[in-house]
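Heads up: the structure comes next, in structure tokens.
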Amino acid sequence: MQKVSADPEEACLVWCQKRNGGTKSRGWTFPDGTVCQTRRSRYGKSSYCINGRCEDFICDSYNEVAFIQMSELCPADRNDNEVTWRTGLRSRQNTIKWKSASGCHFNCISPGTGIRLVMSKGKYAKSSIQLCQPDQFGCGRIKSPFQHASMICGKYKERVRRLSGLGMQISPAVEDPDRPCRVACQDENISHRFYLVNGEEGWFPFGTDCSRSTSDKKAYCISGKCLEFGSDDTPVSESEFTLPLLSRNKRSLHNNNTKIITKLNQQQLEQIIHELN
Amino acid sequence: DIDLNNPIHVD
């Protein structure tokens, strides 16, 4: 028999059932190409035994992984046959083919994503950043934005009397669309009053989800900014936010459908890439 | 550093 195991080698071992129950193996392995499954395998991923190890075969048009799934079994690349665009920022009409230029970095925060650097293919090489699927198993522990913020605010409480020690991720505001990417520390006596932490220490780690209630959008914190990501998972040059919750001083002036437009140009994007590097 | 001069109120 074959087992589903956390260990990729165990998943390709031939196991024999003993008469009195239990299983044992003599170290024989299933031949290359035998379907296998490890507990780490995600649903829908194809895994096969290769040299006695259960290996994941992944759809990757850039041939960067060791075991590549047959293209016939992969979703069609909708970027095929499209023209190359000069800027690294996504346009609605044109899409760029990206090639990864770094590994997938994940800050072990959930909800959140992995981020990698990418380069465009073609004559006008541009760099950008792209969302990527992180390896959750690389994290000792996953933190929520609340836990991360409270860790920062707990440190500040030792020095600043007025703080409760709890921190939060708060909603964007017209005057500050990037506010969900900054750590806000709670006042000790007034529970709805918060103070923002200045500087890089006050930024949520890159990849922290900042889409909040706008579930149809992909938005993540990068260098203290809340960037929206498009269909090719790179930042869009212009994004529109609907603010579900406004700060108290603005509530009388705006209704719940207030929309704000944030823009990101290539120079700002390059500065972000430089900071991430 | 923490910005104590510009408190934010949330509901």
Side-chain angles (χ1 to χ4, degrees), chain A residues 145-146 149-150 152-203 212-213 224 243-252 256, chain B:
Chain A
F146 168 76
S150 294
I152 304 282
C153 297
K155 276 201 296 183
Y156 275 98
K157 182 183 158 58
E158 292 169 14
R159 283 182 277 154
V160 183
R161 261 195 188 171
R162 232 189 277 180
L163 305 178
S164 73
L166 293 181
M168 259 182 66
Q169 182 182 37
I170 54 176
S171 307
V174 176
E175 68 275 16
D176 188 3
D178 299 319
R179 217 167 63 173
C181 291
R182 291 183 61 191
V183 170
C185 295
Q186 191 187 41
D187 186 277
E188 188 170 31
N189 300 311
I190 305 166
S191 61
H192 56 82
R193 181 182 283 177
F194 289 84
Y195 307 99
L196 292 176
V197 175
N198 290 325
E200 280 190 36
E201 199 186 14
W203 296 347
R212 308 285 287 176
S213 51
L243 299 183
L245 182 66
L246 292 159
S247 59
R248 195 163 271 210
N249 57 331
K250 294 282 175 187
R251 196 167 48 179
S252 58
N256 277 353
Chain B
D1 187 19
I2 192 153
D3 189 3
L4 294 170
N5 297 320
N6 295 297
I8 295 161
H9 293 95
V10 296
D11 290 313

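Protein chains get the first letters and strands the later ones, always in sequence-line order, with residue 1 at the start of each.
Interface residue L196(A): backbone and side-chain heavy atoms are both found under 4.5 Å from chain B.
Contact of the C185(A) side chain with the I2(B) side chain is registered, since non-hydrogen atoms from C-beta on lie closer than 4.5 Å.
Note that CG of N6(B) and CD of E175(A) are 10.0 Å apart. Values are rounded to the nearest 0.5 Å. Rounding to the nearest 0.5 Å gives a distance of 9.5 Å between CG of L4(B) and CG of N198(A). To the nearest 0.5 angstrom, R182(A) atom CZ is 7.0 Å from D3(B) atom CG.
Qualifying side chain to side chain donor-acceptor pair (under 3.5 Å) partners for D178(A), counting only residues two or more places apart in sequence or in other chains: none.
Pairing each heavy atom of F194(A) with each of V10(B), the nearest pair is CE1-CG2, 3.3 Å.
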Between side-chain atoms of residues 154-164 of chain A and protein atoms elsewhere (two or more places apart, or another chain), which donor-acceptor pairs fall under 3.5 Å?
unit_1  : atom_1 : unit_2  : atom_2 : d
K155(A) : NZ     : E201(A) : OE2    : 2.9
Y156(A) : OH     : E201(A) : OE1    : 3.0
Y156(A) : OH     : D1(B)   : N      : 2.7
S164(A) : OG     : L166(A) : N      : 3.1
S164(A) : OG     : Q186(A) : OE1    : 2.9

